[in-house]
Colleague: 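Sharing a structure below in structure tokens format, with a few things to ask.
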Number of protein chains: 2
Amino acid sequence: MTCYYFAAEKMNKPHKDIDTSTEEKIKKAARIVFHRKGFAGARTRDIAEEAGINLALLNYYFRSKEKLFDIIMLESLKGFMQSMTSVFHNPDTTIFEKVDVMANRYIDLLKEEPEIPLFIMSEMRHHPEKLIAEMKPRQFLMGSAFEQQFKAAVKTGEIKNVKMIHFIMNLLGMLVFPFIATPMLRSMTEMNDESWNSVLEERKKLIPQWIKLMFENH
Amino acid sequence: MTCYYFAAEKMNKPHKDIDTSTEEKIKKAARIVFHRKGFAGARTRDIAEEAGINLALLNYYFRSKEKLFDIIMLESLKGFMQSMTSVFHNPDTTIFEKVDVMANRYIDLLKEEPEIPLFIMSEMRHHPEKLIAEMKPRQFLMGSAFEQQFKAAVKTGEIKNVKMIHFIMNLLGMLVFPFIATPMLRSMTEMNDESWNSVLEERKKLIPQWIKLMFENH
DNA sequence: AAGTATTTTAAACAAATGATTAAAAAATAT
DNA sequence: ATATTTTTTAATCATTTGTTTAAAATACTT
């Protein structure tokens, strides 16, 4: 028992073909299976099969299902929150420019990995203690450029006097909900891949317009 | 082995204290545990403990975990879809009256059972074949009063010319997303129960206003 | 009250599943 | 080339978990 996770990073090895290494194959497979089935529904055997490796290698490289899950979850959470945080903390864009960037960036991101929001929300409900701390949700809004801009704009009457959380709920709701309710929404309207995709593309432009209409004072 | 589920309905028994019967105790517990942990995460022992009954009674009354789950899921799905369907098929209300009814009815419903949306969306992702058929999603919009009204209103220019699915996505997104992302949203803003509740109450009035601003032509 | 049917219980079973082991294979170092 | 270390494999273990069984307790019928 020599080479567990991070071992390769502690020693500085040649790191040949990192993307085809066994460790990376397992992580990639774990991402797919965990995203699709969640922690409880995913079996280590599913992951091993998806990765095309022997079951024992999972424990050899990552010690346990839970440790592997923690790594995948942390990465997913980072990917999901990071763009959001950087946008909201950027002082060089206006409120509505932020919305624009969010819409474009998030719809592209979620088209690549559509299961991420439901995965994160589910696991966050099932193990809140563990994940809420990891997410550092306080730093997301509190003291952000967005918060300051929002409060200022309410004061000047530029935008309507409603709680900031409504703004966030509406933006994220319109952005993320389609990816959470995909099976329901798609079967309701019997959309094929192409028209589903075009609806998502339309929303990149429409969501910023809608947000303006909702919150801007005219 | 005599009395499985439905047996009591086939024979017509006195049905004394139906709400405290063992069968009902199990269903109530199953609802709580399945909603909280999902099918894969829920153990029959959890349900038995929650119900305060012997583990074997679960199989005695419902044959299997899966059969019990199917019953709970069907009821949850009905509760979630039914109000929606009846609103959207009502020809006696305008589009925006429908939105108003939806907002009030759904926020009240989801305040009672906040885990339902995430539960349904998760399980629908994990077993789509099984659930999509059960949901009859085609009949939900297709041929509804809402569909006719929407198309007519677009033609007269009363509302903007955007696909109907955007309307549904936005309405449901704004309505349901707060209940899906509760842990994230609440920890972001550090709201206590009271202020969280008041935000939800505010949304009953605000969502209809927002929907008007988004889709009505001015 | 006795007999029968129903419900409940404790115990055990069987399959699934996360994890480990010890040996084989492959890679690396000397 | 040989020795050593690292990686991979097949088999097995130990626990968890859905389900069953057989007996005990309770309710119901006549």
Side-chain angles (χ1 to χ4, degrees), chain A residues 1-18 20-27 29-30 33-34 36-72 126-127, chain B residues 1-27 29-30 33-34 36-73 126-127:
Chain A
M1 45 158 154
T2 353
C3 180
Y4 291 110
Y5 192 66
F6 289 137
E9 296 181 49
K10 280 174 189 163
M11 13 178 157
N12 38 3
K13 284 236 189 117
H15 259 239
K16 298 178 204 168
D17 42 37
I18 186 156
T20 55
S21 73
T22 304
E23 205 173 299
E24 206 52 42
K25 273 197 291 182
I26 296 173
K27 278 181 64 175
V33 176
F34 280 138
R36 187 148 55 214
K37 305 193 180 188
F39 178 76
R43 299 175 311 155
T44 53
R45 282 165 175 81
D46 295 334
I47 297 171
E49 194 187 9
E50 176 76 36
I53 52 108
N54 186 288
L55 173 63
L57 287 177
L58 194 150
N59 294 86
Y60 178 71
Y61 281 102
F62 298 95
R63 304 207 85 116
S64 74
K65 178 189 177 186
E66 195 175 353
K67 291 240 168 57
L68 175 55
F69 176 82
D70 289 345
I71 290 165
I72 299 300
H126 297 152
H127 331 282
Chain B
M1 44 161 154
T2 352
C3 181
Y4 291 111
Y5 192 66
F6 288 137
E9 295 182 47
K10 279 174 191 163
M11 13 179 157
N12 39 2
K13 284 236 188 116
H15 258 237
K16 297 179 202 167
D17 43 36
I18 185 156
D19 37 317
T20 55
S21 73
T22 304
E23 206 174 298
E24 206 52 42
K25 273 196 293 181
I26 296 173
K27 278 181 65 175
V33 176
F34 280 138
R36 187 149 56 213
K37 305 193 178 186
F39 178 77
R43 298 175 311 155
T44 52
R45 281 164 176 81
D46 296 333
I47 297 171
E49 193 186 10
E50 176 75 35
I53 52 108
N54 185 287
L55 173 61
L57 287 177
L58 194 150
N59 293 299
Y60 177 71
Y61 281 102
F62 297 95
R63 303 207 86 114
S64 73
K65 178 189 177 186
E66 195 174 354
K67 290 239 168 56
L68 176 55
F69 176 81
D70 288 345
I71 290 164
I72 300 300
M73 173 51 90
H126 297 152
H127 330 283

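Both backbone and side-chain heavy atoms feed into the values below; hydrogens, waters and symmetry mates do not. Letters go in sequence order (proteins before strands), and every chain restarts at 1.
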Colleague: To the side chain of A:Arg43, which of D:dT19, C:dG18, D:dT17 is closest?
Modeller: C:dG18
Colleague: In the structure I gave you, are the side-chain heavy atoms of A:Lys25 and A:Glu50 within less than 4.5 Å of one another anywhere?
Modeller: no
Colleague: Rounded off to whole Å, could you give me the CZ-to-P distance for the A:Phe39 and D:dT16 pair?
Modeller: 14 Å
Colleague: To the nearest 0.5 Å, what is the distance between CD1 on A:Ile26 and CD1 on A:Ile71?
Modeller: 10.5 Å
Colleague: Figure out the CG/P separation between A:Asn59 and D:dA11, and round it to whole Å.
Modeller: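 Interatomic distance, CG of A:Asn59 to P of D:dA11: 18 Å.
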Colleague: On the nucleotide D:dT7, are OP1 or OP2 found under 4.0 Å from the side-chain N or O atoms that A:Thr22 carries?
Modeller: no
Colleague: Under 4.0 Å between a side-chain N/O of A:Tyr60 and OP1 or OP2 of C:dA19, yes or no?
Modeller: no
Colleague: Decide yes or no on side-chain contact (heavy atoms from CB on, under 4.5 Å) for B:Glu49 and B:Arg43, but give the supporting numbers first.
Modeller: CA-CA 10 Å; B:Glu49 193 186 10; B:Arg43 298 175 311 155; 5.7 Å; no
Colleague: From CG of B:Leu58 over to P of C:dT8, roughly how many Å is that when rounded to an integer?
Modeller: 13 Å
Colleague: Do B:Lys27 and B:Phe62 have side chains that approach each other closer than 4.5 Å (heavy atoms only, starting at C-beta)?
Modeller: yes
Colleague: Could you label the plane-to-plane angle of the B:Phe34 and B:Phe39 rings as parallel, tilted or perpendicular, counting under 30° as parallel and over 60° as perpendicular?
Modeller: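 Judged by the thresholds at 30° and 60°, the geometry between B:Phe34 and B:Phe39 is parallel.
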Colleague: Given atom NZ of A:Lys65 and atom C1' of D:dT16, what is their separation to the nearest angstrom?
Modeller: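 Answer to the nearest Å: 12 Å.
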Colleague: Taking the minimum atom-to-atom distance to the side chain of B:Tyr61, which one of C:dA19, D:dT8, C:dT8 wins?
Modeller: C:dT8
Colleague: Nearest-Å distance, CG (A:Leu68) to P (C:dT17)?
Modeller: 17 Å
Colleague: Please step through side-chain contact (heavy atoms from CB on, under 4.5 Å) for the pair B:Asn59 and B:Arg63, ending with a clear verdict.
Modeller: CA-CA 4 Å; B:Asn59 293 299; B:Arg63 303 207 86 114; over 6 Å; no
Colleague: Apply side-chain contact (heavy atoms from CB on, under 4.5 Å) to residues A:Ile72 and A:Phe69 and explain how you reach the verdict.
Modeller: CA-CA 5 Å; A:Ile72 299 300; A:Phe69 176 82; 5.6 Å; no
Colleague: Please state how far atom CZ in B:Phe62 lies from atom P in C:dT7, giving the value in whole angstrom units.
Modeller: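 For the pair B:Phe62 CZ and C:dT7 P, the rounded distance is 12 Å.
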Colleague: Atom NZ of A:Lys67 to atom C1' of C:dT20: distance rounded to whole Å?
Modeller: 15 Å
Colleague: Tell me which residues in residues 44-57 of chain A put a heavy atom below 4.0 Å from DNA chain D, sorted by number, or none.
Modeller: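 Nucleic-acid contacts, sorted: A:Asn54, A:Ala56, A:Leu57.
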